[in-house]
Amino acid sequence: MRNSLRLLFRRITPLYWAVGVVRYVRFRQEVRRADQKYWSSDEYLELPPPNLRFRVHKALDAASYTANGVSITNDIVKILESNRIDISNSRILDFASGPGRVAGFLSQRFPNAKFFATDIDVEAISWAQVRFNDEIKFSSNEVLPPTHFDSQSFDLIYTVSLFTHLDEQLQFQWLKELQRILRPNGYLVATVHGELARSTCTSSELEAIRTKGILFRTDRIGLLKLDGLPDFYQTTFHSENYVRNRWADYFEIVDYQVGGIQNHQDAVVLKRRSA
């Protein structure tokens with residue numbers, strides 16, 4: 001029923017935009033209330049402001065932001081352990097890090113590793129540079145590759161909720177760049193929207209995933225896109241077969257865990273070939 005209503009709203013353009021405007025007005029009110037709480041408490045000493053929290057997990061409150069960071073960190077550690085990947089003394093990059101929701105917790109788990117983080121969100125990076133100081137090296141990157149990192153810079157790169165939002169061509173460009181900055185036999189852990197994340201898909205969208213293996217869906221744009229991220233950053237779904245076949249052009253596919261991240265996003269473990 002919900003999917004049918006969403007499809008109906010999208011077909012009736014005035015209704016679709018009217019609902020978007022109402023959602024935007026309510027959201028701005030919620031942000032103002034959350035900001036007042038943020039600056040009147042001690043939250044600002046440890047956590048990013050509400051708008052930055054919303055960008056990375058679609059909620060304004062501090063509790064869910066922290067809980068999600070811990071949960072995702074635990075899942076990444078489990079994925080690494082299940083594949084016998086030791087990162088104790090590694091150079092690690094959080095790619096599309098936001099304000100460090102995961103990097104902050106993961107760096108505590110591996111104090112002898114060297115952590116780096118990058119994102120196109122300059123506001124999030126600026127906050128993280130102050131919060132984490134030299135504990136984690138935060139820097140911004142452009143929408144298109146290359147990054148500023150030297151070739152073969154990292155033993156591990158992980159990226160949560162990035163390939164879930166890029167179109168196919170941009171994904172290939174970034175896979176190639178991540179391959180470049182990863183050391184031979186280094187690992188990439190990335191997430192995709194697989195079978196468990198398709199509850200919002202219509203029947204025609206599900207058919208597109210089945211036949212093509214990938215679906216890039218454009219939802220809200222402009223001011224009505226509440227996360228404040230660029231319009232190109234939308235929603236992408238993959239099939240496991242697509243990932244295993246197409247991403248193999250760039251990496252060896254080591255593992256594919258359905259629901260590996262919070263029993264929602266699938267986790268893909270990839271390895272840069274030695275040659």
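Values reported hereafter were calculated over all heavy atoms of this structure, with side chains retained and with hydrogens, waters and symmetry mates removed. FYI, the numbering just counts along the sequence from 1. What you are looking at is a predicted structure, and each value in this text was computed from that prediction instead of being measured.
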Determine all donor-acceptor pairs shorter than 3.5 Å in which one atom belongs to a side chain in residues 147-167; sequence neighbours excluded.
from, atom 1, to, atom 2, distance (Å)
T147, OG1, F149, N, 3.4
T147, OG1, E177, OE2, 2.8
H148, NE2, S139, OG, 2.8
S151, OG, R180, NH1, 3.1
S153, OG, D150, N, 3.4
S153, OG, D150, O, 2.5
D155, OD1, R183, NH1, 3.1
D155, OD2, R91, N, 2.8
D155, OD2, R183, NH1, 3.3
Y158, OH, D94, OD2, 2.8
T159, OG1, F95, O, 2.9
S161, OG, Q265, NE2, 2.8
H165, ND1, Q234, O, 2.4
D167, OD1, Q169, N, 3.3
D167, OD1, L170, N, 2.8

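Between the side chain of T66 and the backbone N or O of A63 there is no donor-acceptor pair closer than 3.5 Å. With Y250 contributing its side chain and L270 its backbone, the two residues share no donor-acceptor pair below 3.5 Å. Although no hydrogens or angles enter the test, the distance criterion places no donor-acceptor pair under 3.5 Å between the side chain of S71 and the main chain of A67. With hydrogens and angles ignored, the 3.5 Å screen pairs no side-chain donor or acceptor of R131 with any backbone N or O of L47. Distance alone, capped at 3.5 Å, is enough to place a donor-acceptor pair between the D121 side chain and the E123 backbone. Put simply, the side chain of K225 gets close to the backbone of Y233: a donor and an acceptor are under 3.5 Å apart. In this structure, the side chain of R272 engages the main chain of Q179 through a donor-acceptor pair within 3.5 Å. Of the possible donor and acceptor atoms, none in the side chain of R101 sits under 3.5 Å from a partner among the backbone N and O of S97. N141 contributes a side-chain N or O that, together with a main-chain N or O of D119, makes up a donor-acceptor pair within less than 3.5 Å. Side chain of N83 to backbone of I85: no donor-acceptor contact under 3.5 angstrom is found.
For the residue pair N241 and S239, no side-chain donor N or O sits within less than 3.5 Å of a side-chain acceptor on the partner.
Atom CD of E207 has more than 12 heavy atoms from other residues, nucleotides or ligands within 6.0 Å.
The aromatic rings of F54 and F27 lie tilted to each other, with the angle between the two planes from 30° to 60°.
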*Walk me through it: do D75 and Q257 pass the test side-chain hydrogen bond (donor to acceptor under 3.5 Å, both in side chains)?*
CA-CA 11 Å; D75 286 341; Q257 297 190 12; over 6 Å; no

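The minimum heavy-atom distance between I120 and E142, with the atom names listed, is CG2-O, 3.5 Å.
Taking the side chain as every heavy atom from C-beta outward, R217 and H193 never approach each other to under 4.5 Å. The closest side-chain heavy-atom distance from V268 to D255 is not below 4.5 Å.
Taking the charged nitrogens against the carboxylate oxygens, E168 and K212 have no contact shorter than 4.0 Å, which rules out a salt bridge.
Going from atom CD of Q262 over to atom NE2 of H57 covers 10.0 Å, rounded to the nearest 0.5 Å.
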